[in-house]
Undergrad: 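Please see the structure below; I have some questions.
Counting from 1, the numbers follow the sequence of the chain as shown.
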Amino acid sequence: VTQIDGIGTTLLLNHINTYPNPFENNIQVQWDVVEIKEIRVYNMLGALVSLQIVDGVNNKIINTGNWSNGVYLLQFVTDQGIASRKLEKF
C-alpha cells in the first residue's frame with residue numbers, strides 16, 4: 001500500500017465522509033466506490049489510538065468517548081493507497 005498525495009488523495013477523500021467535525025463521543029465514517037480495509041486513528045503525538053478493521057461494510061462508527069480533547073489524524077487504508085483526514089474532538 002502506498003501513500004497517496006495531491007490529486008489522488010483528493011479524489012479518494014471525495015468518496016469518504018467523516019462527521020461530525022468537531023466530534024464529541026463518536027465519529028461516523030461512510031464511503032462509496034472505494035473499499036476501505038482499515039481505519040487508523042492517531043493523536044498528534046503520533047500514538048495509535050484506534051485501529052478499525054473493516055470487512056465488507058461501507059460505514060463505521062468509532063467510539064471516541066474516552067479520548068482526550070484535541071486533533072486526531074484518521075488514515076484510510078485502501079487498495080489504492082492511504083489517505084488522511086484531520087478531525088478535532090472538543
Undergrad: Under 3.5 Å, sequence neighbours excluded: what are the donor-acceptor pairs made by side chains of residues 24-32?
TA:
{"unit_1": "Gln30", "atom_1": "OE1", "unit_2": "Tyr19", "atom_2": "OH", "d": "3.1"}
{"unit_1": "Asp32", "atom_1": "OD1", "unit_2": "His15", "atom_2": "ND1", "d": "3.1"}

Undergrad: Out of curiosity, Thr18 OG1 to Lys60 NZ, how far, rounded to the nearest 0.5 Å?
TA: 16.0 Å
Undergrad: Cut-off 3.5 Å, no hydrogens considered: what does the side-chain donor-acceptor table look like for residues 42-55, sequence neighbours left out?
TA:
{"unit_1": "Asn43", "atom_1": "OD1", "unit_2": "Leu45", "atom_2": "N", "d": "2.9"}
{"unit_1": "Asn43", "atom_1": "OD1", "unit_2": "Gly46", "atom_2": "N", "d": "3.1"}
{"unit_1": "Asn43", "atom_1": "OD1", "unit_2": "Ala47", "atom_2": "N", "d": "3.0"}
{"unit_1": "Ser50", "atom_1": "OG", "unit_2": "Gln52", "atom_2": "NE2", "d": "3.0"}

Undergrad: Is there any salt bridge (Lys or Arg N to Asp or Glu O under 4.0 Å) pair reaching into residues 36-46, and which pairs are they, with sequence neighbours excluded?
TA: Glu35-Lys37, Lys37-Asp79, Glu38-Arg40
Undergrad: Closest heavy-atom contact between Ser68 and Lys89?
TA: O-CD, 3.7 Å
Undergrad: Quick one: pull up OG1 in Thr78 and CD1 in Ile16 and give me the separation to the nearest 0.5 Å.
TA: 7.0 Å
Undergrad: Look at the aromatic rings of Phe23 and Trp67 and report parallel, tilted or perpendicular, splitting at 30° and 60°.
TA: perpendicular
Undergrad: Considering residues at least two apart in sequence or located in another chain, which fulfil the side-chain hydrogen bond (donor to acceptor under 3.5 Å, both in side chains) criterion with Thr64?
TA: none
Undergrad: Please answer: with hydrophobic residues joined when any side-chain heavy atoms are less than 4.5 Å apart, are Ile62 and Leu73 in the same cluster?
TA: no
